[in-house]
Asker: 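Here you go, one structure.
Start at 1 and go down the list; that is how both ligands and their atoms are numbered. Side chains are part of it too, since the values below use all heavy atoms of this structure and drop only hydrogens, waters and symmetry mates.
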Amino acid sequence: MPVDPRFGAWCAECGWNVDPGAAEPEPGRIDALRRRLARRHGQHLLAEMTEDEAARPRRDASGVLAHTIALAVHGSTVALAVAGALLVVLGWSTVSQPVIGVVLILLAIALRPRFASLPDDAPVLHRTDAPRLFALVDEVAAAVGTTGVHAVVIGPEANASVGLVGVRQRRVLYLGLALWEVLTPQQRVALLGHELGHYAHGDLRHAKIVGSALRSLALWCYVLAPAQSPTFLERLGNVLLLVPRGLAHCLLMLLDRLTMQASQRAEYLADRAAARAASTEAVAELLDRLLLIDSVEMELRRESVLAQTGIGGRSRSDAGQGLWERLADHVGSVPEREYERLRRASTARGHSVDTTHPPTHARRQCVSEGKHQPALVRFDDNTPAEIAAELAAPRTRVARQVIRDYAG
Ligand SMILES: [Zn+2]
């Protein structure tokens with residue numbers, strides 16, 4: 001059994017210690033049933049996506065139902081506002097009706113969908129700040145059948161995502177350097193292909209409608225929650241609100257579950273878009289890298305602790321220097337045996353109950369077993385260095401942030 005002191009020991013023959021961090025399953029029959037259902041749905045979806053080469057970004061039944069419930073929730077908010085306005089206008093001569101009307105209008109305002117905005121505490125790049133990066137994003141976007149983004153936000157996370165901001169719903173790409181910096185150029189194309197694939201498939205519009213409905217329902221549950229140590233009148237109110245409260249809770253749970261199922265399908269399709277842009281191999285490699293996220297975050301914490309305690313002779317002021325290069329070296333030195341352990345651990349954990357992403361081994365299997373795709377977009381030799389130069393200032397700023405914040 002070869003042992004690398006940086007990683008845990010495990011046995012490839014009997015599977016001993018493959019997944020030492022695995023959580024014990026929750027006891028109880030309901031949780032066991034939820035796990036069984038999640039596993040069944042996960043396996044069913046994986047089989048469907050692997051077999052159906054031509055799977056389109058249409059919504060499956062759970063997606064359509066989630067969309068319908070979400071629209072109904074938003075419809076009820078509009079109805080609330082209209083009812084409030086009517087009470088104010090038509091009941092003007094009375095005292096109570098305008099008061100109730102105003103309360104309803106205020107409630108509708110609280111329940112309305114909101115627009116996200118660009119962060120003001122993170123580096124935000126526009127086209128003129130990073131023309132080469134934006135050109136690459138455009139090229140990958142064209143390969144997956146969509147257009148580029150308005151801004152790129154740089155953060156420290158080992159993650160990337162896309163979003164929509166402002167009233168005009170402009171596209172924003174969030175790039176976490178702890179992921180971007182540990183990828184090879186072609187794996188970065190795969191990452192961009194996956195994220196932009198979500199735009200191409202309309203996942204963001206769907207997520208926006210459903211996400212804001214989930215928030216509205218959570219607020220309903222809060223508003224309708226029974227009073228603690230109630231008076232007689234409040235007790236009466238608690239009983240009267242039993243049905244709407246139960247309805248809000250049920251809808252919240254149902255929508256949450258449906259959303260998870262629909263978004264797992266969207267992830268498989270985004271991986272497929274990524275394979276078209278960057279090649280099947282690049283996506284499989286990217287998914288392997290995603291298995292290392294915990295290890296990458298631990299490495300950043302270690303760097304931060306070393307700098308803050310002065311162990312290793314590195315002072316806090318220059319600890320950010322070369323951070324991303326050291327992180328990339330760390331990831332580059334991970335032996336194939338550790339990847340193999342992580343793949344087996346992912347397989348052993350299987351399809352979990354409450355995640356929006358399918359397990360990594362399933363995504364890898366779906367991509368690898370599909371039709372082999374050559375790369376439409378290739379990073380040429382100069383581009384990675386040009387993009388690194390454009391990212392120089394955010395890299396330094398975010399490295400300092402990691403050293404400052406990650407030890408806690
Ligand atoms: Zn995704």
Asker: Is there any ring-ring contact (aromatic ring centres under 6.0 Å, His included) pair reaching into residues 130-158, and which pairs are they, with sequence neighbours excluded?
Answerer: His126-His150
Asker: Inspect the contact between Arg301 and Glu297 and indicate whether a charged nitrogen and a carboxylate oxygen are less than 4.0 angstrom apart.
Answerer: no
Asker: Taking atom CG of Leu300 and atom CD1 of Ile403, what is their separation to the nearest 0.5 Å?
Answerer: 8.0 Å
Asker: Can you tell me if, anywhere in His198, an N/O/S atom lies at a distance from the Zn ion (ligand 1) that is smaller than 2.8 Å?
Answerer: yes
Asker: How would you list, by chain and number, every residue that makes a side-chain hydrogen bond (donor to acceptor under 3.5 Å, both in side chains) with Arg205, sequence neighbours excluded?
Answerer: none
Asker: With carbon and hydrogen excluded and only N/O/S kept, which atom of Glu267 is nearest the Zn ion (ligand 1)?
Answerer: OE1
Asker: Could you check which N/O/S atom of His194 is closest to the Zn ion (ligand 1)?
Answerer: NE2
